[in-house]
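Inspection log for the structure reproduced underneath, given as structure tokens.
Order of appearance sets the numbers: ligands from 1, and atoms from 1 within every ligand.
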Amino acid sequence: FEAKLQQTKKMEAVGTLAAGIAHDFNNILTGILSYSELILRGNTSDPALRDDISRILELGRRGAGLTRQLLAFSREQEARMQPLKLNELVENLMKTLGRLIGEDIEVTFNLSPDLGNVNGDPGQLEQVILNLVVNARDAMPTGGTIVITTGNVELDAEQAARHPGMTPGPHVMLTVSDTGSGMDPETQEHIFEPFFTTKEVGAGTGLGLATVYGIIQQHQGSIWVYSEIGGGTVFKIFLPQTTEPDHALTTRVFPDLPEGR
Ligand code: ADP
């Protein structure tokens, strides 16, 4: 529990810092990008020079992508909770998920038909699923399978005690599993920390799972990772059920897909 509290404080501090840096940095990048574009549009005919400038543009755009993610992470996002059907949310996302992953990755859905409702922010929960799927994709460069499962779980007092921050009672469980590289225990310990990444510079920001963690916390839920090197990874999320009836989802499909992730 201590560890979780520390994690929250750290995330708040990092969030404030990140927002400030991201904002200023974005202005600088906008300048770099516009001047590079101006040069390219001019009559610079030296091919080597054009190549170099194209490279500046490409890196600048990558930087802009990073600042966008920083801003999304640090924005004080007030969750707009509503009773919703998680299955409906997952179904709405199917098309987007198909676009995100390559042909050599198969996504299987295993959605419990009588799933209870949860109180959630549809946009934020979409982001959770997308971040988990993008990571699963990245862990399977030569292809594999992603399975998305939902189910009802009754947590008794003893189980709830083992899940810090959770209260006993009916929960919805969402799991995202992959057949990818897996992680060693040392890596697993750090994955929810902001800026922890094992991906190449420019490929990963280390904010995906920190964002997921923050969102699940805001939803009074809990997230767990089970992974083994070479044995794939399972992320398991528990969200408390609500007895309130849902209204049809007017989900906005996450409008701002992070580029190149
Ligand atoms: P990023 O994807 O930008 O690196 P994340 O916070 O989303 O940031 O993930 C942090 C790290 O956790 C990744 O760099 C990777 O090492 C590890 N990771 C996350 N999901 C998986 C997965 N499904 N399989 C293997 N490793 C993973």
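- Only the side chain of Phe235 comes within 4.0 Å of ligand 1, judged by heavy-atom distances.
- Taking any N or O of Gly182, backbone or side chain, none lies under 3.5 Å from an N or O belonging to ligand 1.
- Defined by atom type and a distance below 3.5 Å, a donor-acceptor pair is present between the side-chain atoms of Thr187 and Asp184.
- With a 4.0 Å cut-off on non-hydrogen atoms, Asp178 touches ligand 1 through its side chain and not its backbone.
- Inter-residue side-chain proximity for Lys236 and Ile223 is flagged as unmet; no heavy-atom pair is nearer than 4.5 Å.
- Evaluated by nearest non-hydrogen atom to atom 24 (N) of ligand 1, the leading choice among Gly232, Ser177, Gly206, Ala139 is Ala139.
- For the side-chain contact (heavy atoms from CB on, under 4.5 Å) with Asn110, the lone residue among Thr150, Ile148, Thr175, Thr149 that qualifies is Thr149.
- Contact of the Leu86 side chain with the Gln241 side chain is not registered, since no non-hydrogen atoms from C-beta on lie closer than 4.5 Å.
- Those atoms of ligand 1 with a heavy atom of Ile191 less than 4.0 angstrom away are 6 (O), 12 (O), 17 (C).
- Any N or O atom pair closer than 3.5 Å counts here, and Asn135 shares at least one such pair with ligand 1.
- Within the 4.5 Å cutoff, no side-chain heavy atoms of Gln188 are placed close to those of Thr233.
- For ligand 1, the atoms lying closer than 4.0 Å to a non-hydrogen atom of Gly208 are 5 (P), 6 (O), 7 (O), 8 (O).
- A 4.5 Å side-chain heavy-atom check between Leu33 and Arg61 finds at least one atom pair inside the cut-off.
- When non-hydrogen atoms are compared, ligand 1 lies under 4.0 Å from the backbone of Thr198 as well as from its side chain.
- Here the options are Phe192, Phe196, Phe235, the test is ring pair (Phe, Tyr, Trp, His ring centres under 6.0 Å), and the partner is Tyr213; only Phe192 passes.
- At least one N or O atom of Thr205, backbone or side chain, sits closer than 3.5 Å to an N or O atom of ligand 1.
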